[in-house]
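Have a look at the structure below before the remarks.
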Amino acid sequence: MTDCTVRTLVDALDSRYPRDWAESWDRVGLVLGEFDAPVTRVLCVVDCVPETVEQALDAGADLIVAHHPLFLKPVSSIAPDTFKGALVHRLIRAGVALYTAHTNADVANPGVSDALAARLELTGLRPLAPAEGAAAGGGRGLGRIGTLPAPMTLARFARFAAGRLPVTAAGVRAAGDPDRLIGTVAVCGGAGDSFLAVAARSGADAYLCADLRHHPVSEHLAAGGPALLDVAHWASERPWLDDVAAWLRADHGVEVLVSDLDTDPWTVHANRDDLEIRP
Ligand SMILES: [Zn+2]
């Protein structure tokens, strides 16, 4: 198809990821762009930041599909001397549209956590927290729980996950007995703190997500919950971009590129035994 416009793709994205499936605090859909502008090339990114905008401009993309919203809180200015204002100006000047599918893509089936679970070869997937409200039913919900092809120890599963997920400086950390046997795994793309209790009730041997913190993790383990794996936020959501890209290519005939630019803020990971540095 060569007559794709921003409107065609916004309508398609809105029907795959309906806006009313998003959390009430979320801000999804078209952020900027002319509805009638033609689209031949799309770039899928986790974050709309200067580096990925640069990538879109270099690639000649007409539309960026981003996971994280550019604006989550109201602003009173998009002046070009503000971080986000500069991006808005840059995109509009270059004629590049920007669309966001965030928690509405998390909850979708297939959604963000399905792509993460697929990287880990989990099968028999079901939602960790089944969707309620507008998104209820259809196997939709936040997070997924499934089974590994064969059980393995936590230490081995952490290395397996590190090998299957996109490489980041942060890597993969695991909490719990390294020899614990892991067969059933719960996953959640992005920050997963809020589902610790749900993961504990789910019967999973391990729960993998991003942005875990000291106290919630310690308390969760002390209460006998599943082992925990903390991965880079970007790495947990990057697999979904391939899913969106494949669907856009197949259903809309547009050229779709996927950004592998690691937009996770962590850039260095050091272990004392890696290398001895002398000042
Ligand atoms: Zn996220």
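Every number for a ligand or one of its atoms is a count from 1 in the order of the listing. This chain uses plain numbering: 1 for the first residue, then up along the sequence.
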Hphob cluster co-occupancy, L13 + V107, side-chain heavy atoms under 4.5 angstrom: no

D179 versus T153, closest heavy-atom pair with distance: O-CG2, 4.0 Å

Distance-only side-chain donor-acceptor flag, H233 / D264, under 3.5 Å: no

Residue that, paired with R238, satisfies side-chain hydrogen bond (donor to acceptor under 3.5 Å, both in side chains) out of D262, D260, T263: D260

V88 and its side-chain contact (heavy atoms from CB on, under 4.5 Å) partner, picked from T82, L98, V75, L70: L70

Any H67 side-chain heavy atom under 4.5 Å of H102 side chain: yes

Shell of protein N/O/S atoms around the Zn ion (ligand 1), taken as anything under 2.8 Å: H68 NE2, H233 NE2, E237 OE1, E237 OE2

